[in-house]
Undergrad: 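First, the structure itself, so that you have it in front of you.
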Amino acid sequence: MNFRFTLIAALALNFIALPAPLSAANADPGPARQSPGPSDAPPAPLVIPRTTAPPSIDGRLDDPIWETAAAFNAFITFKPDFGKEPSQRTEALLAYDPDNFYFAFRCNDTEPTRIKSSICKRDGIDMDDIVGVILDTFNDNQSGFTFMLNPLGIQGDGIMNVQGNVDNSHDMVWYSKGLIDDRGWTVEARVPLQSIRFPDKKALTMRVLFFRFLTRTSEQMSFPPLNPDNSSIISQSLSIQVSGLKYKRVVEILPAFTYGARYGADSGKLVRNEENKDISLTGKVGLTSDLTMDGAVNPDFSQVEADAGQVDINLRYALYYQEKRPFFLEGQELWRFGGEMEDAPLAAVVYTRTIIDPTYGFRLTGKLSPRDTIAAVYAKDRLPGDTVDVNPDFAIVRYKHSLKEDAYIGTFYTDREYGRGYNRVGGVDGRFRLSQTSLFSFHAFGSLTRPADAGSTNQDHALSLYYNYQSRKWFIDLGYQDVSRNFQVDTGFLTRTGVRRIAAFAMHQIYPKSKFFQKIEPFYWSYHLYDTIDNMWETMNFFVLRFYLPRSTQVRFEGILGNEIFAGGRFDRTGYGFRTWSQVFKQVYVETFIRRWGGIYYDPDAPYQGDETRFAFDVRYQPVDKLDFSLSLTYVDFSKRADGKKIYDYTILRSRNTFQVNKYLFLRGIVEYNIYRKRLTADALVSFTYIPGTVFYVGYGSAFERQEWNGGEYITSDRFHESKRGLFFKASYLWRF
């Protein structure tokens, strides 16, 4: 799994060995600070210079502000190894005025022709060299605003949560520029205070962390260093002090107009069967400097790009699709909960795609006090074909109280009301720091469900306990989940009920003295599950050997020993697999996955044992900064083990091609062929995004199938004929007062 936007592996599993306690010798200017001894108090926050002469955001670090800004240059690697001097020098600069934060980077590179960059849409820089800043404005170690830039100043942003992951769905209004020169590259940025949240006080203590990724060497580095004997990320960032920030109440209005038309085949001709003209209005108002209220009438929930095709047959549970609708994107990180563990049955308490098409909605997010965070959503949904009185109401409330370092205690309440029926879920979750290297987290939820016909009411529970230990050489997870048979969460994503599961993960990290093998990770992941419905045990064991190589390359070999309970039977899931990804050349990225293992034909009345092959291949080619061509292949087959008969093979080919005219405007074409469904789709999109909210889209799509009209019926054809067509137009403009 790649670091990049989500920061998943790089910051969550890899920390920097800190050779000596943090010293102000690494920051200039600022008052000198002594490294604290074992009994000394933590060093005082570093005072950041306040400016009266804002820079011109042009990527050139020639403004007077950068001569007096706080400068940080003692970057240390955290990947592939800890505590190493990077191959390239980096300097980060930070300043502010009453209305903005300013940051800049000078990234030296002895081979500037090999700098990995692209002109792409915002949040599309995941394959490039990157620098970034994480800013914890509340100094509560729970979350941080994250700003990322590639060498040409293209932006990526999001919110880092307490687990150390960044949700890049949160888009902020800020301004940046980058330039490549014969020394490397430089970027500078301005972040308006209206785009972030902070306490309304004269003097503030915040935390900041700077990082840089160098793609071709696989190096990832940061300042300050992150001690591998302290697994809390944000609490290891640099403590800074600012004063005189001007709180200006956030007031935004976002009107949007969307037009869409759909055509379908009827007696051999395409006829328009649907037309939508929607005007929506979304507003935001800052109740305080750190608490905002959003409201929307007929919210713009349109998706600009169709979801990529997935294998949609022989499924035990529904497919998961990422949320893309603008109204729900902000604050997604707040729905994460304690006790989460990989592949656990309860994947999400709040999965906003369960809200289909609201007529109106409200959202409250922010701080009630320095340690108390709230997120609340209400939406009146609209279901196709249903009458008004049975269209569901959604009410969701999330509250968190932060404790010492990255610990917290919190609560959830979710409610979906539909006619006389309802589903209500409530409970608590928490995270506690046991030591610098270990933590414990949990959740305990109860559900109360009554069907729409007002039948009997069901109540049940979901419980999870989780322990984590991590250091430079070891990463260990232990967890227990108990999801009772009748537990239901209509607002979330739940894959299985009636299970009690023990899960374990143990990984040893080896750092060989080799330039080729940068790190080796043997690890074991397993779960052992008791199915309370069928009263049978299930087990799954993964034995994996993973290698980290240059050019951001990973190679993984896996052996699988396991089984699965379904419909009263136990089925074999033993097999093997291989996975790799690599930035092979500056212009070419390749990713491959293959797995051969036992499978199940998920027919609840007549399941049977089979064997399954899964294969995926992705290649991305960027001949120049403005062009991006990608091709992916997904293949799954299933054979009945008893006689070797192939039941199905399912193949999806997808080509995604983008011409980025500049950082605001791009043209994209997507062609996808589903061989199993014998369906070809082609989509074209023109997109202009000035800032988040101020956008313009024009899209067109067609579906083609191998069938043709023959008199009174459709028959199979050896040619593709257009069966569906759609077009849409969308424009919105963000007014900020």
Undergrad: Under 6.0 Å between ring centres: does that hold for Phe72 and Phe210?
TA: yes
Undergrad: For Tyr320, what residues pass the ring-ring contact (aromatic ring centres under 6.0 Å, His included) criterion, not counting sequence neighbours?
TA: Tyr351, Phe493
Undergrad: Quick one: side chains of residues 53-66, donor-acceptor pairs under 3.5 Å with protein atoms, not counting sequence neighbours, listed by atom name and distance.
TA:
| unit_1 | atom_1 | unit_2 | atom_2 | d |
| --- | --- | --- | --- | --- |
| Asp58 | OD1 | Arg60 | N | 3.0 |
| Asp63 | OD1 | Ser56 | N | 3.4 |
| Trp66 | NE1 | Glu188 | OE1 | 2.9 |

Undergrad: Centroid separation under 6.0 Å, is that true for the rings of Phe729 and Phe696?
TA: yes
Undergrad: Can you run down the salt bridge (charged side-chain N to carboxylate O under 4.0 Å, His left out) pairs that involve residues 134-154, sequence neighbours left out, and say none if there aren't any?
TA: Asp140-Lys367
Undergrad: Using only atom types and a distance under 3.5 Å, with no angle test, would you say the side chain of Asp128 pairs donor to acceptor with the backbone of Ile130?
TA: no
Undergrad: Consider only side-chain N and O atoms of Ser402 and Gln142, and report whether a donor and an acceptor are under 3.5 Å apart.
TA: no
Undergrad: Does Ser143 offer a backbone N or O that forms a donor-acceptor pair with the side chain of Asn161 under 3.5 Å?
TA: no
Undergrad: Sub-3.5 Å donor-acceptor pair from the side chain of Asp97 to the main-chain atoms of Arg50, do we have one?
TA: no
Undergrad: Give a yes or no on whether the ring-centroid distance for Phe213 and Phe211 is below 6.0 angstrom.
TA: yes
Undergrad: Rounded to the nearest 0.5 Å, what's the gap from CE on Met160 to OG1 on Thr146? Could you check?
TA: 5.5 Å
Undergrad: Using a strict cut-off of less than 4.0 Å between a Lys/Arg side-chain nitrogen and an Asp/Glu carboxylate oxygen, indicate whether Arg668 and Asp628 qualify as a salt bridge.
TA: no
Undergrad: Looking at CG of Leu364 and CZ of Arg398, how far apart are the two atoms once the value is rounded to the nearest 0.5 Å?
TA: 14.5 Å
Undergrad: Centre-to-centre under 6.0 Å for Phe412 and Phe445, is that the case here?
TA: yes
Undergrad: Specify the closest pair of heavy atoms between Asn139 and Met206, including all atoms of both residues, with the distance to one decimal.
TA: CB-CA, 4.4 Å
Undergrad: Does a salt bridge link Arg122 with Asp171, judged by any charged N lying under 4.0 Å from a carboxylate O?
TA: yes
Undergrad: Centres of the Trp735 and Tyr733 rings: under 6.0 Å?
TA: yes
Undergrad: Do any N or O atoms from the side chain of Arg207 and from the backbone of Ile234 form a donor-acceptor pair under 3.5 angstrom?
TA: yes
Undergrad: Once the angle between the rings of Phe362 and Tyr360 is folded into 0 to 90°, is it parallel (under 30°), tilted (30 to 60°) or perpendicular (over 60°)?
TA: perpendicular
Undergrad: If you measure from the Lys or Arg side-chain nitrogens to the Asp or Glu carboxylate oxygens, is any gap between Glu275 and Arg272 under 4.0 Å?
TA: yes
Undergrad: Indicate the ring-plane relationship of Phe147 and Trp174, choosing parallel, tilted or perpendicular according to the 30° and 60° boundaries.
TA: perpendicular
